[in-house]
Structure formats: structure tokens, C-alpha cells
Visitor: 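Pasting in a structure now, in C-alpha cells, and then I'll have a few things to ask.
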Amino acid sequence: MKESLLAIQKAVDELDIDGITALVQACLAEGLTPLEIIQDGISQGLATVGAKFETGEYFLADLVMAGEVVNEAMPLLKARMDPSEAGQKGKVVLATVQGDIHEIGKNIVGMLLSANGFEVVDLGVDVPAEKIVQTARSTGAKLIGLSVLLSTMVGNIRQVMDGIDRAGFKGRIKVAIGGACTSEQLRAEMGADAYGETAVQAVRIFDELRQGA
Amino acid sequence: MSPFPIIAPLASSTGIRLTGTSMRANIENAATQLASIQAYLARFPRVDLVFPIMDTSVEARAVGCPYEFKDTVPVITTHAFADAAAVETIPIPDPHANACMRVNIDVIQGISATGRTVGAFCLGPVTLAAHLMGITALVRVAMKAPEGCARILAHCTHIIRPYAQALLAAGARTLIILEPQVNAFSPRIYEKSIQAALEDLASTLPDPVLHMCGDTNPHLPSFSRTRYFTGLSLAAKVDFRAALDACPALKEKTLIGNIDPVAVMLNGSPELVREKVAALLDGMRGENFILSSGCDLVPDTPLANVEMLIDTAMRYRL
């Protein structure tokens with residue numbers, strides 16, 4: 001592994017928001033492609049961050065900060081990226097369900113998915129079920145991620161599942177849920193396809209879903 | 001000597017259902033909220049300590065942050081202050097002249113006038129800063145610019161303190177300082193960038209309680225070292241008995257809580273409520289402890305579950 005890519009991994013892992021841009025520029029100057037920098041540098045750094053979160057070494061604020069580090073680097077990389085390389089794993093529609101405005105977890109999921117080859121269509125917060133389903137249809141996305149924090153809003157997951165069913169896409173558009181009040185039991189009750197206990201599980205979950213979508 | 005246990009669920013919002021009113025009407029109108037709380041107390045007269053309906057947007061709305069009512073709660077929709085310099089321009093509201101703060105002062109006054117022991121809520125500086133700046137901007141400052149963070153939290157404390165003191169003057173026996181955003185930060189950042197601001201606020205208040213949401217197990221040693229707070233109100237993810245055994249310094253604080261407001265109180269059966277309350281009380285005999293819910297109960301919480309919590313607790317007094 002090139003030293004420059006290890007430096008990128010370290011910068012992401014250590015939340016070095018001040019140093020990341022220069023390191024990315026150095027990698028580009030060496031002739032590394034944006035995709036290589038993302039896959040072997042940034043993504044690996046995020047995997048370490050995710051592992052530290054799972055073990056309790058890192059907290060939500062550290063994940064947010066890691067997202068900020070990646071956000072510093074991505075414009076530089078996207079400007080140099082071949083359009084065909086971006087989002088090669090397919091599109092994911094992300095939304096916090098209607099009536100709920102919490103977005104930190106969703107934003108971290110979006111950042112992780114973007115850095116790992118997915119094209120993210122982030123609809124934001126308080127999004128009606130119809131809009132989520134319609135966006136999936138119009139963009140061709142086969143994957144939807146729903147975030148719910150408020151227990152009073154979990155019924156909106158069912159609204160999305162029913163909307164997918166009415167549109168004739170049952171089984172062809174896969175839905176993952178996450179958020180403080182969600183659970184595997186809730187996933188089963190709502191008929192969703194996957195449940196993520198933490199945002200860092202998102203890449204694995206959506207990788208598995210896209211293989212079946 | 002206080003009875004065991006002191007019964008203080010955060011359950012006033014169930015009065016909203018009893019009066020058939022809306023959350024919005026209760027948040028915006030003191031008379032409506034007082035009627036709801038009176039209905040709650042008429043239904044559950046055996047609680048020892050009563051609280052108003054929890055609203056974590058008061059201080060932010062009081063300084064003009066735009067908000068909307070999303071379903072049942074007011075939500076700050078715009079985080080307009082980008083940095084310390086911007087936050088420091090915010091004028092300190094006079095709580096008695098400010099409509100948002102006045103509602104809660106009047107509610108506390110109204111409950112206190114009935115002779116009931118009342119507690120009040122105010123936001124802590126971290127969560128207020130998150131409302132003003134957005135959580136991402138606050139994270140950047142807390143983790144990378146500690147001097148700027150200190151200035152932001154100091155000004156937020158300046159905003160909160162007069163309101164807190166007005167609530168006490170209105171008759172609140174205790175103040176619970178709400179900090180649901182604190183557990184987003186590591187204990188290291190808490191001690192480096194947050195603890196001093198919380199102590200600054202608490203140092204001027206009598207017997208304040210610090211309320212945190214989520215899994216704060218990693219933070220408990222830090223909380224035990226946070227000065228001036230006499231109580232810690234913690235969410236259901238903390239096992240109180242295990243926490244006291246692992247961190248004996250916590251015994252200096254009164255632990256308050258922590259029956260799960262959703263999994264147990266909202267979605268559980270009365271039998272589950274009894275089981276959880278009994279287990280908690282069995283573990284906390286002889287400790288500084290107040291029985292409560294881990295957070296505010298939602299209005300739709302089954303009344304039978306609230307009754308079971310109180311009934312189970314009363315059996316321990318026999």
C-alpha cells in the first residue's frame with residue numbers, strides 16, 4: 001500500500017480535517033485515480049472509524065467529524081472523477097420519514113455509502129412516503145434507506161412499504177431501516193428488508209441488499 | 001427521611017390525552033398546560049414530584065430560532081448561528097417578558113400554588129448550542145476549536161441562567177438541566193470542552209439535576225466528577241445497580257430514572273412495567289434514588305402503565 005494512501009487512511013481515522021485536502025492533492029499528483037483514493041484511502045479510513053465506533057472508542061461526534069473530513073476531500077475527488085466511476089454500485093434513496101427531523105445518522109450513512117461506491121439521493125428529513133417511493137422509481141434506485149428516531153413515526157415505514165407494493169415494485173426495491181427506535185422486530189413487523197443497529201453497518205447492509213435487488 | 005422510593009415519573013404529558021388537547025396548545029398556552037397537568041394529578045395523585053411537559057425548544061425559540069410543530073413536538077428548523085462571534089450577538093432574553101419562557105414560568109407558578117412539589121426543566125448549554133448552530137457545526141467547534149467552544153457555551157449559559165432562576169423563583173423545588181446531545185461526545189471531549197460550562201451553570205443553582213439521553217454508560221465516571229449537580233437523570237440503557245457497583249463515586253449523586261419510556265411504558269404491558277419497576281427498586285434499596293421514567297412519556301402512554309409504575313412503587317413503601 002502506497003504511503004500516500006496510508007496517510008489518507010490515517011487522516012480520516014484521526015479526524016484530521018485540516019490536513020486531508022493536502023494529502024488528497026498529493027495522491028492526485030502521484031497519479032492515483034480518485035477511485036483509488038476513495039476505495040483504498042478514504043473508505044479504509046472510514047472502516048477504521050466505524051470499527052472504533054462499534055467498540056465504543058469513537059462516539060457519534062467522531063462519526064460526524066469523520067464525515068466532515070470526507071466532505072472536505074470529496075469535492076476535489078469528484079471534480080476529477082470519471083462520471084462512470086461514481087456510484088457504480090447503484091443508487092440509494094435516503095430519507096428521514098415524515099414527521100421526523102433527526103438526520104445525523106442518515107447523514108453518516110449517506111457519507112459512508114458515497115465513499116463506498118453508491119450514488120446517494122438524499123431527500124432530507126420529514127419526507128412523505130409517496131415522495132420516497134416516487135424518487136426511487138424516477139431515479140431507478142433499487143435501494144431505500146429510512147431513518148426513524150421518533151417512536152411515534154414508525155408507522156411511516158409501513159407507508160413506504162405499502163407504496164412500493166402499490167407501485168408494483170415489491171421485492172424489487174429493497175428497504176433498510178435504522179434509527180434509535182428501530183429494531184429487528186420492527187423491521188419484521190413493517191416488512192422491511194434490513195435493519196441496521198448503527199450507521200456504520202450501512203455499507204455491508206446495502207452491499208447485501210443490492211445483490212438481492 | 002424520604003420514603004423509598006420517591007415517585008416522580010416524567011408523565012405530565014399524559015394529561016394532554018386526558019384533556020383532549022394538542023401538544024401545541026399545551027406548549028404555547030400556560031392555562032392549557034396547567035389544566036392538563038391538573039388532570040394528570042387528579043388521575044395519579046400519588047406522585048411525589050410533578051414536572052411540566054418537557055419542551056427542549058423553549059430557549060432556542062425564545063431567542064428567535066425558527067421552528068415548526070412536527071406532529072407533536074416543536075422542532076427548530078433553522079440553525080442560523082455559524083460560530084462563536086455569531087452566537088455572542090444573541091441578546092439575553094428577559095424570561096418574564098419573553099412569551100416562550102413565560103409560559104413555563106406561569107406553569108411552574110400554577111402547580112406550585114396548589115401545594116404540590118414541582119420540578120422544572122431548562123436546557124443545558126450544549127443542547128442549546130446545537131439548536132443555534134446545528135450539531136455538525138457544534139461538533140467541529142467542540143473537537144477542533146476548544147476556545148471558540150468555550151465562548152459559545154458560556155453565552156448559551158448566559159441565556160439559560162436567568163430563565164432557570166426565574167423557574168426557581170416561581171416555585172420549582174429542583175431544576176433538571178436537559179442535555180440530550182451530550183452523549184454524542186466522547187468522555188474525553190466532554191471533560192475537555194463541555195464539563196466546565198455545565199459546572200458554571202450548575203454552580204449558581206440549588207440541587208440541579210443533569211438529564212442525559214441514550215447510552216451514557218461510558219460517561220458515568222465523568223458525570224460522577226461533574227461538580228455542583230446533586231442528581232443524574234439517566235436513560236434506560238444505564239443499569240443503575242451495575243453503574244453504582246462499577247463507579248462507586250456515583251453514590252454521591254442521586255440517580256433518577258430510568259424506566260424505558262417507549263419499550264416499557266408505551267409499548268409494554270402492565271406486567272412488564274411491574275417487572276421492570278420491581279427489578280429497579282430491588283437493585284436500588286438504600287441508595288440515593290428517585291423512581292422516574294428514563295425520559296418524558298409520550299401522551300399516548302397507556303394510563304394503566306403509569307398506574308402500574310406508581311402502584312408497584314407504593315408496594316415498596318409498605
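Both backbone and side-chain heavy atoms feed into the values below; hydrogens, waters and symmetry mates do not. Per chain, numbering begins at 1; letters A, B, ... match sequence-line order.
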Visitor: For the pair Lys144(B) (side chain) and Leu15(A) (backbone), establish whether a donor and an acceptor sit closer than 3.5 Å, ignoring hydrogens and angles.
Guide: yes
Visitor: Using a cut-off of 6.0 Å, state whether more than 12 heavy atoms not belonging to Glu189(A) lie near its atom CD.
Guide: yes
Visitor: Got a sec: does the NZ of Lys52(A) have more than 12 other heavy atoms crowding it under 6.0 Å?
Guide: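 Enclosed.
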Visitor: Are side-chain heavy atoms of Met143(B) and Asp62(A) found at a separation under 4.5 Å?
Guide: yes
Visitor: Of all residues at least two apart in sequence or in a different chain, which pass the salt bridge (charged side-chain N to carboxylate O under 4.0 Å, His left out) check with Arg24(B)?
Guide: Glu28(B)
Visitor: To the nearest 0.5 Å, how far apart are CG in Asn107(A) and CD1 in Ile135(B)?
Guide: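 One gets 11.5 Å once the value is rounded to the nearest 0.5 Å.
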Visitor: As a quick check of understanding, evaluate side-chain contact (heavy atoms from CB on, under 4.5 Å) for Arg188(B) and Phe59(A), giving each step before the final call.
Guide: CA-CA 10 Å; Arg188(B) 184 180 67 85; Phe59(A) 290 72; over 6 Å; no
Visitor: Step through the shown structure and confirm whether more than 12 heavy atoms of other residues, nucleotides or ligands are within 6.0 Å of CD on Glu3(A).
Guide: no
Visitor: From Asp215(B) CG over to Leu60(A) CG, what is the distance, rounded to the nearest 0.5 angstrom?
Guide: 12.0 Å
Visitor: What do the steps show when you test Arg140(B) against Val64(A) for side-chain contact (heavy atoms from CB on, under 4.5 Å), and what is the final call?
Guide: CA-CA 9 Å; Arg140(B) 284 183 78 136; Val64(A) 171; over 6 Å; no
Visitor: For Ile189(B), is it the side chain, the backbone, both or neither that has a heavy atom under 4.5 Å from a heavy atom of chain A?
Guide: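 For Ile189(B), there is no contact with chain A at all, as no heavy atom is under 4.5 Å.
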Visitor: Identify the heavy atoms of Val139(B) and Ala61(A) that sit nearest to each other, and give their distance.
Guide: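 What the structure gives for the nearest pair is CG1-O, 3.3 Å.
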Visitor: So which part of Asn183(B) gets closer than 4.5 Å to some heavy atom of chain A, the side chain, the backbone, both or neither?
Guide: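 It is the backbone, since no side chain atom gets that close.
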